[in-house]
Amino acid sequence: MDLGSCYLGGNADAVEFCPHRPFRHVLAAATYTLQEQGGERQDRAGSVSLFAVDAGEEDAPRRLRLLHTVETAGVFDMKWSPVAPLLAQADAHGRLALWRLEQEDGSDKGAVLRDVCSGDISSSMCLFVDWNQTAEALSVGLSDGSLSVVSMREDRLEVSEQWTAHQYEVWTCYFDRANPHLLYSGSDDCSFSCWDLRQNPSNAVFQNKKSHNMGVCCIAQNPLEGNMLLTGSYDEFLRVWDIRSMVKPVNVKSLHLGGGVWRIKYHPLIADVVLAACMHNGFAIVKVGTGDAAVVETYCKHESLAYGADWQISEGAEQNKNFSVVATCSFYDRLLRVWQPENLGNL
């Protein structure tokens with residue numbers, strides 16, 4: 001069921017619901033727009049907008065309301081801290097920025113982003129960002145094939161390590177949720193890798209260069225079964241990995257989703273349900289349990305590249321999984337949509 005939609009001021013590429021009370025109604029949506037400035041000059045501009053999402057609101061226009069927008073460099077990715085309402089933003093100018101979400105004028109629904117700090121990570125573009133579980137460090141994937149680990153020093157960002165991890169763009173990086181010294185990465189070079197951060201420079205635990213036929217775009221770990229890892233690729237497959245043999249993980253099953261798998265997000269409350277952004281083939285909700293992986297629902301109301309996708313963590317969903325709310329965005333048509341899946345009650 002559709003709850004609301006709007007057009008953003010630039011090409012839409014990322015959406016992230018804040019997981020922290022009292023801001024679980026807040027959705028961040030980011031844009032990246034390449035602007036011609038005459039001659040051969042180009043600027044990569046962007047924005048981060050905050051919306052209030054209220055699925056229970058009877059007045060339809062109030063289910064999705066714009067709260068606040070900040071203009072930025074072009075944003076490739078953003079993530080909320082796992083411990084506080086801090087938003088990390090990876091941008092096209094090679095910078096990592098942190099924003100703090102605050103209530104506006106004491107309102108319980110209003111919210112604004114306040115600048116905390118930012119830092120130059122590289123002369124290359126920052127394509128992806130992930131927090132470790134203590135929020136003491138972030139990982140950043142770079143367009144030159146490098147990985148960076150960035151430490152939080154009070155209100156300052158400090159690059160603690162940076163190394164050439166891949167031949168081409170690092171589209172994704174992901175801290176192991178149970179073993180924070182392990183960092184996974186995926187790249188345009190078709191490689192899916194893992195790095196041991198206890199060694200300097202970081203040592204490759206494994207590098208799988210044979211399983212993906214095209215670039216590796218996204219990685220996610222099952223929140224309840226840490227030995228299960230998912231990868232998504234431009235080759236249109238969602239792959240399920242058993243990582244109990246860390247030196248050589250096993251690809252136990254694969255599912256063709258009909259479009260490049262750009263983002264995957266586990267449902268916050270249903271352990272074997274995943275939301276996937278499938279670029280040229282819209283969005284899919286997939287059941288990835290002990291049996292075969294299978295698509296349980298698709299959403300194809302976007303008319304451009306399906307890029308951003310996230311689940312809302314809400315009190316309604318905690319009481320009834322049928323009440324789950326999803327935000328999705330698409331690139332060239334600049335469209336943001338908020339909707340409720342229809343088939344989760346059948347799982």
Side-chain angles (χ1 to χ4, degrees), residues 13-14 16-23 26 28-32 43-50 68-104 111-165 169-177 179-185 195-202:
D13 62 354
E16 296 285 332
F17 276 107
C18 182
H20 303 293
R21 293 186 176 92
F23 298 113
V26 174
T31 67
Y32 166 92
D43 183 43
R44 295 175 170 88
S47 64
V48 177
S49 297
L50 299 180
H68 181 62
T69 298
V70 291
E71 302 298 324
T72 66
V75 180
F76 279 105
D77 190 38
M78 58 183 177
K79 294 289 188 320
W80 293 103
S81 160
V83 302
L86 283 176
L87 185 67
Q89 164 204 315
D91 73 33
H93 291 177
R95 294 175 66 81
L96 187 64
L98 293 187
W99 303 90
R100 179 178 288 109
L101 183 59
E102 296 181 353
Q103 291 180 334
E104 184 179 31
V112 295
L113 289 173
R114 305 290 189 197
D115 179 35
V116 175
C117 62
S118 61
D120 292 315
I121 306 302
S122 171
S123 57
S124 299
M125 295 184 288
C126 295
L127 303 179
F128 195 90
V129 61
D130 188 45
W131 296 81
N132 70 1
Q133 287 304 94
T134 61
E136 295 173 343
L138 304 98
S139 58
V140 181
L142 298 170
S143 61
D144 67 355
S146 297
L147 276 168
S148 286
V149 176
V150 181
S151 300
M152 287 278 295
R153 306 291 188 199
E154 295 178 352
D155 284 347
R156 184 166 54 89
L157 297 173
E158 183 178 292
V159 177
S160 56
E161 189 176 352
Q162 188 166 292
W163 70 98
T164 301
E169 291 92 338
V170 178
W171 293 122
T172 185
C173 48
Y174 190 94
F175 283 105
D176 189 286
R177 294 327 193 214
N179 302 290
H181 62 278
L182 296 178
L183 178 66
Y184 305 102
S185 61
W195 308 88
D196 190 337
L197 302 180
R198 294 173 298 186
Q199 304 181 35
N200 195 353
S202 291

When rounded to the nearest 0.5 Å, the distance separating OG1 of Thr172 from OH of Tyr184 is 12.5 Å
Residue pairs meeting salt bridge (charged side-chain N to carboxylate O under 4.0 Å, His left out), one or both in residues 130-149, sequence neighbours left out, come to Asp130-Arg177
The reported gap from CG in Leu113 to CD in Glu104 (rounded to nearest 0.5 angstrom) is 11.0 Å
CD (Gln162) and CD1 (Ile121) are apart, to the nearest 0.5 Å, by 7.5 Å
**Message:** A side-chain contact here means heavy atoms from C-beta on lying under 4.5 Å apart; do Leu183 and Tyr174 qualify?
**Reply:** no
Would you say Leu98 and Met152 make side-chain contact, with heavy atoms under 4.5 Å? yes
Value for CZ (Arg156) from OG (Ser118), rounded to nearest 0.5 Å, stands at 13.0 Å
Q | Phe128 ring center within less than 6.0 Å of Phe76 ring center | A | no
| Could you walk me through whether Val75 and Tyr32 pass the side-chain contact (heavy atoms from CB on, under 4.5 Å) check? | CA-CA 5 Å; Val75 180; Tyr32 166 92; 5.6 Å; no
query = Can you tell me if Trp80 uses its side chain to pair, donor with acceptor, with the backbone of Glu16 under 3.5 Å?
reply = yes
Salt bridge (charged side-chain N to carboxylate O under 4.0 Å, His left out) pairs touching residues 84-96, sequence neighbours excluded, are Arg95-Asp120
Interatomic distance, OG@Ser49 vs CD@Glu71, rounded to 0.5 Å, equals 7.5 Å
Next on the checklist: Side chains of Leu101 and Leu87, heavy atoms from C-beta outward: is any pair under 4.5 Å?
Outcome noted: no
- request: Verify, without hydrogens or angle tests, whether Ser160 (side chain) and Val149 (backbone) share a donor-acceptor contact under 3.5 angstrom.
  value: yes
With no hydrogens and no angle check, is any side-chain donor or acceptor of His20 less than 3.5 Å from a backbone partner on Ala84? yes
By side chain to side chain contact (heavy atoms under 4.5 Å, CB included), Pro180 pairs with (sequence neighbours left out) none
Flag the pair Leu142 / Leu127 as yes when at least one side-chain heavy-atom distance between them is below 4.5 Å, and no otherwise.
no
Quiz item: Would a 4.5 Å heavy-atom cut-off, applied to side chains only, mark Val129 and Ser139 as touching?
Solution: no
**Item:** Validation row: Val83, Thr134 side chains within 4.5 angstrom (heavy atoms)
**Value:** no
Aromatic plane relationship, Trp195 with Trp163 - under 30° parallel, 30 to 60° tilted, over 60° perpendicular
perpendicular
Has the side chain of Asn132 got a donor or acceptor atom that lies under 3.5 Å from a matching backbone atom of Ala135?
yes
Original post:
Are the side chains of Thr72 and Trp99 in touch, meaning some heavy atoms are under 4.5 Å apart?
Top reply: yes
Practice prompt. In sequence, state the C-alpha distance, the side-chain angles, and the governing distance for His181 and Asp196, and then conclude on side-chain contact (heavy atoms from CB on, under 4.5 Å).
Written response: CA-CA 6 Å; His181 62 278; Asp196 190 337; 3.6 Å; yes
Smallest heavy-atom separation, Ser185 atom then Val170 atom, equals CB-CG1, 4.4 Å
**Item:** Verdict with supporting geometry, Met78 and Val48, side-chain contact (heavy atoms from CB on, under 4.5 Å)
**Value:** CA-CA 9 Å; Met78 58 183 177; Val48 177; 4.2 Å; yes
Within a strict 4.5 Å, meaning less than it, do heavy atoms of the Val112 and Arg114 side chains meet? yes
Apply side-chain contact (heavy atoms from CB on, under 4.5 Å) to the pair Met125 and His93, showing each step before the final yes or no. CA-CA 6 Å; Met125 295 184 288; His93 291 177; over 6 Å; no
For Ser124 and Ser143 the tightest heavy-atom approach is CB-OG, 3.3 Å
OG (Ser202) and CG (Leu197) are apart, to the nearest 0.5 Å, by 4.5 Å
